[in-house]
Amino acid sequence: MSTTATEIVLPGRVEPDGLLVTRRDLPAPGTGQALVRVEASGVSFAEQQMRRGKYYDQPAYPFVPGYDLVGAVTAVGADVDPGLIGTRVAALTKIGGWASHVVLDAADLVTVPASLDAAEAETFVVNGITAWQMLFRTAKVRAGQTVLVHGANGGVGSTLVQLARANGIHVIGTASARNAEAVRALGASWVDYRGDVPQQVRALAPDGVDAVFDHVGGSGITDSFALLAPHGTLVSYGTAATKNDVGNSRLPVLKLLGRILLWNALPNKRSAHFFNLWAGKRNRAAFRARITADLGQVFDLAARGDLRAQVAARVPLAEAARAMELAESSTVVGKVVIVP
């Protein structure tokens, strides 16, 4: 039996109002698959890059955006436990999440604690996995250390701040003046990103910081590396500074990777990494195990109240264009969530 799904299609390099609302019939889930009724999907920086044709490995247009989602299983295919029906689950999708219904591999679904609201849980999927893995798998930060988080009011940034503080890590967070109190409320020392960031950070951490999490890239990445204490780690996870640049979408990333390779080759007692959430996906079993374990840790912290969901706004699926505009406005704290 087919299901009629509403989907948001990105037809090409368009302004947000160029997104299309479409409908199509989905087939019944096949072997190993589940049909999920989407309850929430987020607007990440990835979709903002995809709209501009700037995401490193995005598919050809047209396609349905949507990096992650939370929803309820309504049907399953062969070789899937029927007990999964009715369960609230989360999934990391990269594309396809901006829809009313999706068919996914059941092995990619992570159970969501019953105490978490769907939109709140959604803010922790890609953001929580990214923040957890960068903090504990890549930088291996420990209690008592100090980190610098750029964009501490954003989706990943606000999650990073909270995860760090919940684990006894001191945080310095950059944001605009209008978001200063929000950053402080999360437990970070605020730094105005429009000012002299290195000077402000050194005033708070004269000996440098143990890790920097930088989604901005561009020329400012050199300042991030220079702010590291001996044996500190820079984790770069984006090139926001170049999102409006014309030309090859891969060039900013390749330049950044070249710089990181150079820094790591020098005897400077510091290290740099480019974080790729999808690294290691060729070994699907190991990749799925990491995602399930790390998102499970994040969900447990959220269910205990150690993490607060930062839902910037809840926008109906049919108004995805407005959701995109709001997410790109740089005026919100947390994540814009698309709901049915």
Side-chain angles (χ1 to χ4, degrees), residues 42 44-46 67-68 70 90 92 110-113 115-117 119-175 179 182-191 201 204-205 209-216 224 227-228 232-238 273-277 279 289-312 332-335 337:
S44 305
F45 184 64
Y67 216 85
D68 58 357
V70 167
L92 193 64
V110 179
T111 302
V112 176
S115 61
L116 293 182
D117 167 83
E120 293 176 343
E122 204 289 326
T123 68
F124 294 122
V125 184
V126 66
N127 292 346
I129 296 167
T130 299
W132 182 276
Q133 292 188 351
M134 290 196 302
L135 197 61
F136 300 118
R137 290 189 182 271
T138 304
K140 298 180 174 62
V141 184
R142 303 182 305 278
Q145 294 188 310
T146 299
V147 302
L148 171 63
V149 176
H150 286 291
N153 62 300
V156 174
S158 61
T159 307
L160 263 170
V161 172
Q162 292 188 82
L163 278 177
R165 295 299 299 129
N167 286 274
I169 298 161
H170 306 292
V171 182
I172 301 169
T174 72
N179 291 313
V183 170
R184 291 189 180 110
L186 294 173
S189 299
W190 170 70
V191 161
V201 172
L204 295 167
V209 296
D210 297 293
V212 179
F213 301 94
D214 188 319
H215 71 295
V216 183
S224 290
L227 286 168
L228 292 173
T233 304
L234 166 66
V235 183
S236 170
Y237 64 105
H273 304 268
F274 185 81
F275 178 79
N276 176 12
L277 179 59
R290 282 197 305 275
I291 295 298
T292 299
D294 296 345
L295 184 53
Q297 295 265 25
V298 173
F299 278 157
D300 285 346
L301 286 170
R304 293 204 304 264
D306 292 332
L307 296 179
R308 295 198 320 272
Q310 303 293 309
V311 180
V332 298
V333 175
K335 191 172 185 179
V337 178

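Just so it is clear, the values below take in all heavy atoms, side chains as well, and ignore hydrogens, waters and symmetry mates. Starting from 1, each residue takes its place in the sequence as its number.
Annotation: side chain of Thr123 is not in contact with side chain of Gln310 (no heavy-atom distance under 4.5 Å). Between Val298 and Ile129 there is no side-chain heavy-atom pair separated by less than 4.5 Å. Side-chain contact between Leu148 and Phe213: absent, with no pair of heavy atoms (C-beta onward) separated by less than 4.5 Å. Asn167 is listed as a side-chain neighbour of Phe136, based on a closest heavy-atom distance under 4.5 Å.
Atom CZ of residue Arg290 and atom CH2 of residue Trp132 lie 15.0 Å apart, to the nearest 0.5 angstrom. Interatomic distance, Leu227 CG to Asp214 CG, rounded to the nearest 0.5 Å: 10.0 Å. In this structure, CZ in Arg304 is found 14.0 Å from CZ in Phe299, a value given to the nearest 0.5 Å.
No donor-acceptor pair closer than 3.5 Å links the side chain of Arg184 to the backbone N or O of Ala188. Between the side chain of Asp210 and the backbone N or O of Val147 there is no donor-acceptor pair closer than 3.5 Å. Counting only distance, with no hydrogens or angles, the side chain of Asp117 and the backbone of Ala119 share a donor-acceptor pair below 3.5 Å. Between the side chain of Thr292 and the main chain of Ala289, no donor-acceptor pair closer than 3.5 Å is present. For Gln133 (side chain) and Asp294 (main-chain N/O), no donor-acceptor pair under 3.5 Å exists by modelled atom type. For the pair Glu122 (side chain) and Gly42 (backbone), a donor-acceptor distance under 3.5 Å is present. In terms of modelled atom types and a separation under 3.5 Å, the side chain of Asn153 and the main chain of Val332 share a donor-acceptor contact. With hydrogens and angles disregarded, no donor-acceptor distance shorter than 3.5 Å links the side chain of Ser158 to the backbone of Ala152.
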*With side chain to side chain contact (heavy atoms under 4.5 Å, CB included) as the test, would you mind laying out the steps for Lys335 and Val126 before giving the verdict?*
CA-CA 11 Å; Lys335 191 172 185 179; Val126 66; 3.4 Å; yes
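Between Tyr237 and His215, the ring planes lie tilted relative to each other; the angle falls in the 30° to 60° range.
Heavy atoms only, all atoms of each residue included: Ser224 and Val212 are closest at O-CG2, 3.5 Å. Summarising the geometry of Arg165 relative to Leu186, their closest heavy-atom pair is CG-O, 3.8 Å, with the distance given to 0.1 Å. Closest approach of Ala90 and Val70 over heavy atoms only: CB-CG2, 4.0 Å. Closest approach of Thr233 to Leu228, counting heavy atoms only: O-CD2, 3.4 Å. Residues Val156 and Thr130 come closest through the heavy atom pair CG1-CG2, 4.1 Å. Considering every non-hydrogen atom in both Ala164 and Val171, the closest pair reads CB-CG2, 3.5 Å.
Each of Val235, Thr159, Val149, Val141 was evaluated against Leu135; a single residue qualifies, Val141, per the side-chain contact (heavy atoms from CB on, under 4.5 Å) test.
Trp190 meets the ring-ring contact (aromatic ring centres under 6.0 Å, His included) test with no other residue; sequence neighbours excluded.
Heavy-atom contacts from other residues, nucleotides or ligands closer than 6.0 Å to CZ of Arg142 number 12 or fewer.
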